[in-house]
Amino acid sequence: MTRLSSATGAPHATILGIGSYRPDRVVPNSELVEAIDSSDEWIQQRSGIKERRFAGPDESVQMMSVAASRKALDRAGIEPAQIDCVIVATVSHMLQTPAIATAIGYELGTDKAPAFDISAACAGFCHGVALGSDMIRGGSAKHVLVIGVERLTDITSLSDRGTAFIFADGAGAAVLGPADEPGIGPVVWGSDGEQFDLIRQKEDWRDVLVQDRPEMPHLIMQGSAVFRWASFEMAKIAQATLDRSGISVDDLDVFVPHQANMRIIDAMARSMKLPERVRIARDIAHQGNTSAASIPLALDRMIDDGEARSGDTALLIAFGAGLAYAAQVVTIP
Ligand code: UT7
């Protein structure tokens with residue numbers, strides 16, 4: 001049998017730079033309540049959301065991704081041509097094919113690097129970080145650009161009471177690279193397809209096209225079932241992630257859970273018994289739920305505000321449709 005040589009990579013991977021893009025238009029709860037017979041008070045009390053950002057016509061998935069990536073590349077001190085792979089996590093790129101990652105890489109100038117999209121909904125960014133980290137350690141890439149981006153307003157019905165006030169738009173990006181010390185801990189990830197229907201596109205495209213008056217099949221969610229799953233199960237995943245990285249809550253500086261609901265964030269922090277001094281991402285109040293973009297957006301805000309500092313240890317945990325989840329401990333660049 002012919003023996004093949006195999007690639008070997010860096011001993012460890014780390015995040016070198018983070019960037020994000022927030023659409024210009026701020027949408028307060030008051031703009032949405034009439035269509036869903038709700039109130040600013042109800043939305044704030046049940047979700048913690050005060051306002052969110054909706055993308056305008058020029059703020060496409062590609063445009064937001066490129067803007068977030070340029071900031072991340074700049075902070076990392078890496079040129080686009082040094083990127084060996086572009087991974088885009090999204091559920092709102094509206095062409096079935098080709099992957100938007102290829103167009104983003106081309107616009108950035110990643111010099112024909114491999115580029116592909118992944119679909120893991122709100123857990124997509126943490127899936128991308130896990131893949132990128134393993135590629136760097138496995139030798140198939142030296143620098144990887146991971147983007148989480150959504151224009152959820154394209155697939156959200158503003159008259160759907162269960163989702164209209166939740167979903168929003170934006171992009172976040174991270175440049176990953178080789179390191180002598182671990183800067184990205186082992187991922188803990190999984191899925192529960194038995195709960196496939198809890199958050200989903202309402203209909204299959206083929207069923208939409210045979211309707212007399214076809215409408216965009218928007219997102220629907222069984223909110224309270226997802227809420228219970230996230231509040232109870234994700235705290236266990238968070239603890240398992242700390243265990244796999246060989247650390248405890250006492251070693252954490254920053255906690256960045258998926259920005260789905262302020263009450264879920266608080267419930268997780270309570271279950272994990274997070275020490276008071278751990279800074280917790282609460283971007284949801286001003287950004288809503290941006291699915292794959294929520295974690296890098298929240299992290300970037302904390303870096304900009306000085307709440308997350310270089311060298312800090314942060315736990316990222318993302319969960320959503322699938323139901324899919326992924327979590328890892330990272331060092332803030
Ligand atoms: O990103 C992916 C992961 N997603 C999540 O993690 C989302 C998790 N779920 C949630 O965040 C919450 O379930 C929601 C914020 C979506 C809803 O909050 P809830 O506390 O679970 O509300 P509920 O659906 O249990 O409804 C409570 C009450 C009901 O009235 P009754 O039956 O108690 O009289 C609803 O009819 O609130 C009513 N309601 C509303 N009222 C005003 C439901 N939606 C609305 C609304 N405005 N938009």
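It should be emphasised that the depicted structure is a prediction, and the values quoted were computed from it without experimental measurement.
Within the 4.5 Å cutoff, side-chain heavy atoms of Asp84 are placed close to those of Lys142.
Across Val86, Thr90, Ile100, Ile104, a single residue satisfies side-chain contact (heavy atoms from CB on, under 4.5 Å) together with Ser65, and that is Ile104.
Defined by atom type and a distance below 3.5 Å, a donor-acceptor pair is present between the side-chain atoms of Gln62 and Glu107. Judged purely by distance below 3.5 Å, without hydrogens or angles, the side chains of Glu233 and Tyr325 never pair a donor atom with an acceptor atom. In this model, no donor atom of one side chain and acceptor atom of the other lie less than 3.5 Å apart for Asn261 and Arg46. Remark: the Ser294 side chain and the His258 side chain contain an N/O donor-acceptor pair separated by less than 3.5 Å. Side-chain contact check for Gln287 and Arg22: at least one donor-acceptor pair (N or O, by modelled atom type) lies under 3.5 Å. Asp243 and Gln239 share a donor-acceptor pair across their side chains, judged by distance under 3.5 Å alone. Between the side chains of Gln195 and Gln222, no donor-acceptor pair of N or O atoms lies under 3.5 Å. Ser92 and Glu150 share a donor-acceptor pair across their side chains, judged by distance under 3.5 Å alone.
Gln259 places a side-chain N or O within 3.5 Å of a backbone atom of Ile284 that can act as its donor or acceptor partner. Ser291 contributes a side-chain N or O that, together with a main-chain N or O of Cys122, makes up a donor-acceptor pair within less than 3.5 Å.
Heavy atoms from other residues, nucleotides or ligands lying under 6.0 Å from NZ of Lys202 number 12 at most.
What you find for Glu51 and Val26 is that their closest heavy atoms are OE1-CG1, 3.5 Å. Of all heavy-atom pairs spanning Ile78 and His143, the tightest one is CD1-NE2, 3.6 Å.
In this structure, CZ in Phe232 is found 10.5 Å from CD1 in Ile264, a value given to the nearest 0.5 Å.
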